[in-house]
Amino acid sequence: MSAVDRRNFLRAAGGLGALALLTACGESGPATTPTPTATPTPTTAPPSTTTAAPMDWDGLKSRLKGSLARPGQPGYDAARPFNTALAKTSPEAVAQVRGVEDVQTCIDMARRSHTPIAARSGGHSYAGYSCPDKALVVDLRSLGSVEVRDDGVAEIGAGARLSDVYAALAAKGRCLPAGTCPTVGIAGLALGGGLGVLTRKFGLTADHLLSARIVTADGVNRMASADGDSDLHWALRGGGGGNFGIVTSFEFSTEAAPSQLTVFHLEFAPGSAAEVLGAWQDWISEAPQELWANCVIEGGSPPKPRVSGCFVGTAGRVSTLLNQLAKNSGARITNRNTQTMNYISAMRHFAGSSGKTGFVASSRVVEKRMDEPGKLVSLVNDLPDMDLLFDPLGGAVSTVDATASAFPHRGALATVQVYADTEAGQARAVASHVDTAQRAIADLTGRGAYVNYIDPAQRDWPQAYYGNNLHRLRQISSTYDPDGVFAFAQGIRTR
């Protein structure tokens, strides 16, 4: 996908799930604070101070049912991150695992040799934590099965892509609220919370997580659920990928697929971004939970506003709601499009294409009403390659207590991404603009941030991602990974 195509997709779909954090992306090493003007290269270090035995790569290869690729061998480069702006790293090896036993073998040998270990599912980690230097990358893509039982429970492998998940669910008349980009792995999305166009109606992806099969640092294959390893189950619902072990499969409750979804897209006149953003925040906070609509402020001179989304119901009801938004904003609509679709067609509508692309991005959580939306709009003035993407929360998300799962942002209005197209050669300057914007947004809307939009330059990330749930998450991580086998630069126990 070209940079232009990528931006059009994000503007239409709000970027939800398009770049989610990986399943259990582990990167060992001490906490670092990368300079905001650089695209950081993950660093690694041994996970504990115990005596390490050298890694026996030939021995690991002989024990695996799957394959092991070293540098220069087939399969090695396939584990590269989705984000082409990241500095290229050099893992020691990529294990293309075929089942739980292979995952256990990888963890066992990595622990004994103090080799950093990282899991890769969809490869969409913002920071590239699924492919760190000098690490063993556990490639989960072969664990991609999707089965929907007669009781509506979906059994999904950690390597499954959203396109395959949606297709299998739709064939059984079921749905799961999740993201939009078709190549995102279900695991990273769910472990960080999971936002999408059905979030306000049905909640987070993590809210539907009944159980997860996870191999922890001791090599034990656990079933984390409300009935067993319940603390771990709590942590896996919003605690982010990479902190507790390698998830190999999930069980999710699902919903009956809506028979009718109305998707819509509004473009407003350039120069009206502050008015549209201000009207949008009040409109979406009062809207029925069947409505999801993002607001995108495209950078430029002047910035341009767009509102896109979907409604679980008929086009007639949507028309009334959109007319109200237009009236409240006082802005002129330059383009308006509304279509009624079934569930699977709507998911494909928001999917866009899925080629690799380069970007720098960060996020904040809109914890309170924006009293001066014009100040946020000004952050992308004269910056045509940078956008602000406001994705609403509320609805079903807000009906769950902030301590009932690890996801802490239950009472917030929205998340906001700061997203800028770039490639490796220009990433340093672009990252500076993104970092300046996210710090300014924090002063205006609150200091929360969304872990699936992980940003290695974000200084206050532990509290921003996890809020008041941070202390409990660190205790759980210490219990299941006392030696820091899965430690990485922005891991829960890093600082």
- Output yes when a side-chain donor or acceptor of D391 lies under 3.5 Å from a complementary backbone atom of N294, and no otherwise. no
- Item | A178 to L189 - nearest heavy-atom pair and separation | CB-CD2, 3.5 Å
- Just jot down the side-chain hydrogen bond (donor to acceptor under 3.5 Å, both in side chains) partners of R332, sequence neighbours excluded, or say none. none
- Message: Run T479 and D231 through side-chain contact (heavy atoms from CB on, under 4.5 Å) and show every step you take.
- Response: CA-CA 10 Å; T479 297; D231 277 352; over 6 Å; no
- Taking N342 for the side chain and S259 for the main chain, is one N or O donor matched with an acceptor at less than 3.5 Å? no
- Message: Taking the ring of Y419 and the ring of F359, is the distance between their centroids below 6.0 Å?
- Response: yes
- Message: Is there a side-chain contact (heavy atoms from CB on, under 4.5 Å) between C310 and K201? Walk through the geometry before answering.
- Response: CA-CA 11 Å; C310 74; K201 173 62 176 175; over 6 Å; no
- Message: Could you tell me if the side chain of E155 sits less than 4.5 Å from the side chain of S249, heavy atoms only?
- Response: no
- Calculate, to the nearest 0.5 Å, the distance between atoms CD1 and CG belonging to I186 and L162 respectively. 5.5 Å
- Message: Less than 4.0 angstrom from a charged side-chain N to a carboxylate O is my criterion; do K65 and E101 meet it?
- Response: yes
- Should the ring pair Y465 and W461 be called parallel, tilted or perpendicular, given that the plane angle runs from 0 to 90° and is split at 30 and 60? tilted
- Query: Is there a side-chain contact between F390 and L413, using heavy atoms and a 4.5 Å cut-off?
  - Reply: no
- Query: Is there a donor-acceptor contact under 3.5 Å from the side chain of S285 to the main chain of D282?
  - Reply: yes
- Item | Side-chain (S477) to main-chain (F244) donor-acceptor, under 3.5 angstrom | no
- Query: With sequence neighbours excluded, what pairs up with F252 under the ring pair (Phe, Tyr, Trp, His ring centres under 6.0 Å) test?
  - Reply: F250
- Query: Are any side-chain N or O atoms of R200 and backbone N or O atoms of L291, one a donor and one an acceptor, separated by less than 3.5 Å?
  - Reply: yes
- Item | Side chain to side chain, V197 and M347, heavy atoms closer than 4.5 Å | yes
- Could you check L204 against V400 for side-chain contact (heavy atoms from CB on, under 4.5 Å), going step by step and ending with a plain yes or no? CA-CA 10 Å; L204 305 174; V400 178; over 6 Å; no
- Residues which pass side-chain hydrogen bond (donor to acceptor under 3.5 Å, both in side chains) with R174, listed by chain and number, not counting sequence neighbours: T254
- Message: Are the side chains of I297 and L376 in contact, using a 4.5 Å heavy-atom criterion?
- Response: no
- Which residues pass the side-chain contact (heavy atoms from CB on, under 4.5 Å) test with Q260, sequence neighbours left out? T314, T340
- CD (E298) and CG (L389) are apart, to the nearest 0.5 Å, by 9.5 Å
- Taking atom types as modelled, is there a side-chain donor on T216 or R222 under 3.5 Å from an acceptor on the other? yes
- Message: D481: which residues meet the side-chain hydrogen bond (donor to acceptor under 3.5 Å, both in side chains) condition with it, sequence neighbours left out?
- Response: none
- Message: Any side-chain to backbone donor/acceptor pair from D139 onto R141? Under 3.5 Å, distance only.
- Response: yes
- Item | With sequence neighbours excluded, residues passing salt bridge (charged side-chain N to carboxylate O under 4.0 Å, His left out) with D102 | none
- Query: Heavy atoms, side chains only, cut-off 4.5 Å: are N243 and L473 in contact?
  - Reply: no
- Task: Would you check if T338 and L322 make a side-chain contact, meaning some heavy-atom pair closer than 4.5 Å?
- Result: yes
- Message: Can a donor-acceptor pair be found, under 3.5 Å and without considering hydrogens, that links the side chain of S67 to the backbone of Q96?
- Response: no
- Report the distance from atom SG of C106 to atom CG of L136, rounding to the nearest 0.5 Å. 5.0 Å
- Message: I'd like to know whether Y126 forms a side-chain contact (heavy atoms from CB on, under 4.5 Å) with N83, so could you lay out the CA-CA distance, the side-chain angles of the two residues, the decisive distance to 0.1 Å, and finally the verdict.
- Response: CA-CA 7 Å; Y126 268 46; N83 185 359; 5.8 Å; no
- Item | Closest non-hydrogen atom pair between A118 and S130, with its separation | CB-O, 4.0 Å
- Would you indicate whether N468, at its atom CG, is surrounded by more than 12 heavy atoms from other residues, nucleotides or ligands within a distance under 6.0 Å? no
- Task: Determine which pairs satisfy salt bridge (Lys or Arg N to Asp or Glu O under 4.0 Å) with at least one residue from residues 394-414, sequence neighbours left out, and list them in order.
- Result: D207-R410
- Evaluate the ring planes of F82 and H124, with Trp represented by its six-membered ring, and classify them as parallel (under 30°), tilted (30 to 60°) or perpendicular (over 60°). parallel
- Task: For the pair D460 and R364, find out whether any cationic side-chain nitrogen is under 4.0 Å from an anionic carboxylate oxygen.
- Result: yes
- The reported gap from CG in L444 to CE in M370 (rounded to nearest 0.5 angstrom) is 9.5 Å
- Message: Would the distance check show the side chain of Q458 and the main-chain N or O of S363 forming a donor-acceptor pair, the cut-off being under 3.5 Å?
- Response: yes
- Task: Please examine the side chains of V360 and M386, heavy atoms only from C-beta on, and report whether any two atoms are closer than 4.5 Å.
- Result: no
- By ring pair (Phe, Tyr, Trp, His ring centres under 6.0 Å), which residues pair with F202, not counting sequence neighbours? none
- Message: I'd like to know if D77 pairs up with R80 as an ion pair, taking the criterion as any Lys NZ or Arg NE/NH1/NH2 lying under 4.0 Å from an Asp or Glu carboxylate oxygen.
- Response: yes
- Nearest non-hydrogen partners of A79 and V94, listed with the distance: CB-CG2, 3.9 Å
- Under 3.5 Å, is there a donor-acceptor pair between the side chain of T205 and the main chain of P177? yes
- Task: Could you pull out all residues at least two apart from Y450 that satisfy ring pair (Phe, Tyr, Trp, His ring centres under 6.0 Å)?
- Result: Y453
- Query: Shortest non-hydrogen contact from G358 to T84?
  - Reply: N-OG1, 3.0 Å
- Gap separating the CD1 atom of I246 from the OG atom of S121, nearest 0.5 angstrom: 11.5 Å
- If you round to the nearest 0.5 Å, how far is CG of L191 from CD1 of I214? 7.5 Å
- Message: Show the nearest heavy-atom pair for residues N469 and A402, with the distance to one decimal.
- Response: ND2-O, 3.0 Å
- Looking at residues at least two apart in the chain, or sitting in another chain, which of them share a side-chain hydrogen bond (donor to acceptor under 3.5 Å, both in side chains) with Q281? none
- For the side chain of N221 and the backbone of R213, is there at least one donor-acceptor N/O pair under 3.5 Å apart? no
- Message: Suppose we screen for ring pair (Phe, Tyr, Trp, His ring centres under 6.0 Å). Which residues come up paired with H233, at least two apart in sequence or across chains?
- Response: none
- Looking at side-chain heavy atoms only, is the closest gap between W283 and S329 below 4.5 Å? no
- side-chain contact (heavy atoms from CB on, under 4.5 Å) filter on L210, not counting sequence neighbours, yields V153, E251, S253
